[in-house]
Enquirer: 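Questions regarding the structure given below will be posed in turn.
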2 protein chains.
Amino acid sequence: MKIRGYGQYCPVAKTAAVVSGRWTLLILRDFVLRGTRRYNELKRGNPLIPPSVLAQRLKSLEYAKIIARERSAHGNTWEYHLTEAGEELRPLIEAAGHWGQRWLGSTLTRNDVTPSVLMWDIKRKLRCNELPPDRTVICVEFTDLKRMRFWWLVVEEGNADICMENPGHDVDITIYADLLSLTQVFLGSMSISRALSEGKVRTSGRRELTKSISRWFGVSMFADDNPLNRTG
Amino acid sequence: MKIRGYGQYCPVAKTAAVVSGRWTLLILRDFVLRGTRRYNELKRGNPLIPPSVLAQRLKSLEYAKIIARERSAHGNTWEYHLTEAGEELRPLIEAAGHWGQRWLGSTLTRNDVTPSVLMWDIKRKLRCNELPPDRTVICVEFTDLKRMRFWWLVVEEGNADICMENPGHDVDITIYADLLSLTQVFLGSMSISRALSEGKVRTSGRRELTKSISRWFGVSMFADDNPLNRTG
DNA sequence: CAGTATCCGATGCGATACTG
DNA sequence: CAGTATCGCATCGGATACTG
């Protein structure tokens, strides 16, 4: 486990030696912004990372004392968590996100979107307390997909679960959208109300859930950095 | 000129695709923090970068609209400058520097230090207005070096020049130090007064310049992030 | 001064398969 | 679930030499 540096004393260079390998910043993002703790969660959040690379990066980050690996609460599996040093990478990660949204947000293409990643992001940002107190079932149908077309979010007691098969309960609201449009909504480059009025997103089901959708449908933490949202 | 992305819509991933190549963050540091504008300045600040890699990175950054290349004022050479997008990378670079100083500052070794880079950093941070209004000549002698042992800073009219040969003027103050110690002083991991009292750094010449040294000898912008300086 | 040209070697990386 | 093992290719990166 050797870290290849740059032969420079500059603190920026020291940091760069640790965080600038391929995939590394994304793994850190998962820890810092998504609260990820497990190997397979990291795979889910980064579908294209080779498992060997992920394993190697985790070892490096552990070696650098940015994360630590330990038994989970139940003791039957492993978990990673940020150290204090790792926590303090938050400003760096957030700066990267703000900048990317502001200056590269318009580069979004079909190659950048994956239904599973989007659905987990949506789930994570769902404002459950803005939904009815009893169980709510939200169905998402990606109108342009064959596989991975249907997703269900079951919200109960302030907690959301993701299913890929019909969970059997009555569906309270269905959201129809193509994958790219719903991603744009999540990223804040298109407001959900505009998406609805333009027909990019449609809904069916209980009317009051559609009316309140912009309250319970949370968006990316970088949504406000979108150039469209600039006040200046 | 293709940028290899990660197949993710996340703004952090978009940024990572642009800035996380080897040397890239350091080149950006030179633009953002050192005010570098020229190819050879970049080489000076990054002695180990291969010229072909530097050229490729500059092209990439230009392609990404982070820097722009244009004729210098005199028109006989080329200069780079940050675009607005590039300027806004400052928070990212500074976050990297703060973190590196705080968590990796103690990893400094002999392999990380270069006299030329240090001298240019010192020159850049010299507080000329704290020096006498007339010409001041500062000699730095790296006591552990054979080559690159002597350096002169000629400060005149609020401006400092670096020489590697005796400029001929009388020397007002000479600073003797080994390369690692003076680097530590610059980085703030050792205060100059402590370095003097411990004999890591010595001076000769005009007494008033030694007495005021902690005023005119500027340090790294990350010096305060050193764990030693923590108040908490 | 500001880069190209060339070349080679390491290794990072990706793909796939497999395991306790 | 949480990774290893293997493997081969590509390409990145480093060194050196050279040029308008």
Side-chain angles (χ1 to χ4, degrees), chain A residues 1-8 13 16-27 30-31 36-63 67-81 111 116 120 162, chain B residues 1-8 13 16-27 30-31 36-63 67-81 111 114 116 120:
Chain A
M1 186 67 38
K2 68 158 172 277
I3 291 169
R4 199 168 53 143
Y6 293 95
Q8 298 188 15
V18 172
V19 306
S20 76
R22 188 159 168 81
W23 295 107
T24 303
L25 222 46
L26 304 197
I27 294 169
D30 276 31
F31 282 118
T36 300
R37 305 183 73 87
R38 313 265 284 268
Y39 182 90
N40 280 346
E41 289 181 87
L42 289 163
K43 277 181 78 165
R44 202 174 52 210
N46 301 276
L48 299 181
I49 193 173
S52 51
V53 172
L54 176 52
Q56 191 281 331
R57 292 296 186 272
L58 288 169
K59 286 207 178 75
S60 282
L61 291 172
E62 191 181 356
Y63 178 79
I67 61 176
R69 179 176 185 263
E70 58 182 19
R71 288 273 170 200
S72 67
H74 304 85
N76 46 355
T77 181
W78 292 100
E79 283 189 359
Y80 300 90
H81 64 89
N111 294 328
S116 60
W120 281 89
I162 287 194
Chain B
M1 186 66 40
K2 67 157 172 278
I3 290 170
R4 200 168 52 142
Y6 293 95
Q8 298 188 13
V18 172
V19 306
S20 76
R22 189 158 167 81
W23 293 108
T24 305
L25 222 47
L26 305 197
I27 293 169
D30 277 31
F31 282 118
T36 301
R37 305 183 74 86
R38 313 264 285 268
Y39 182 91
N40 280 345
E41 289 181 88
L42 289 163
K43 277 180 79 165
R44 202 174 54 210
N46 301 276
L48 298 181
I49 193 173
S52 51
V53 173
L54 176 52
Q56 192 281 331
R57 292 296 185 271
L58 288 169
K59 284 206 178 76
S60 282
L61 291 172
E62 192 181 355
Y63 178 79
I67 60 175
R69 180 177 186 262
E70 57 182 19
R71 288 273 169 201
S72 67
H74 304 85
N76 46 355
T77 181
W78 292 99
E79 283 188 359
Y80 299 91
H81 65 90
N111 294 328
T114 320
S116 59
W120 280 89

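For the numbers below, each heavy atom of this structure counts, side chains included, while hydrogens, waters and symmetry mates do not. In what follows, every chain begins at residue 1, and chains take the letters A, B, ... in the order their sequences are listed.
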Enquirer: CZ of B:R57 versus C1' of D:dT11: gap in Å, rounded?
Expert: 11 Å
Enquirer: Given atom CD1 of B:I49 and atom P of D:dC12, what is their separation to the nearest angstrom?
Expert: 14 Å
Enquirer: Where each residue is assigned the nucleotide of DNA chain C containing its nearest heavy atom, which of A:R4 and A:L48 is assigned the position nearer the 5′ end?
Expert: A:R4
Enquirer: Between B:W23 and A:P51, just flag the one whose closest nucleotide in DNA chain D comes earlier from the 5' side.
Expert: A:P51
Enquirer: Determine yes or no for a side-chain-to-main-chain donor-acceptor pair under 3.5 angstrom, with A:R57 supplying the side chain and A:R22 the backbone.
Expert: yes
Enquirer: Looking at every heavy atom in both B:A17 and B:G5, which two are closest together, and how far apart are they?
Expert: CB-CA, 3.9 Å
Enquirer: Can you give me the first and the last nucleotide of DNA chain C (5' to 3') that has an atom within less than 4.0 angstrom of a non-hydrogen atom in chain B?
Expert: C:dC1 to C:dG14
Enquirer: Checking the side chain of B:Y39 only, and the main-chain atoms of B:Y80 only, is there a donor and an acceptor separated by less than 3.5 Å?
Expert: no
Enquirer: Rounded to whole Å, how long is the line connecting atom CG of B:L54 with atom C1' of D:dC12?
Expert: 15 Å
Enquirer: If you assign B:N40 and B:A55 each to the DNA chain C nucleotide with the nearest heavy atom, which residue ends up on the more 5' nucleotide?
Expert: B:N40
Enquirer: Looking at every heavy atom in both A:S20 and A:Y6, which two are closest together, and how far apart are they?
Expert: OG-OH, 3.6 Å
Enquirer: What does D:dG20 pair with, Watson-Crick or G-U, if both distances are under 3.5 Å?
Expert: C:dC1
Enquirer: Which nucleotide, in any strand shown, forms a Watson-Crick or G-U wobble pair with D:dC9, with both distances under 3.5 Å?
Expert: C:dG12
Enquirer: If you compare all heavy atoms of B:V19 against all heavy atoms of B:T24, which two are closest, and at what distance to 0.1 Å?
Expert: O-CB, 3.5 Å
Enquirer: Minimum heavy-atom separation for A:Q8 and B:P47, please, with both atom names.
Expert: NE2-CD, 4.4 Å
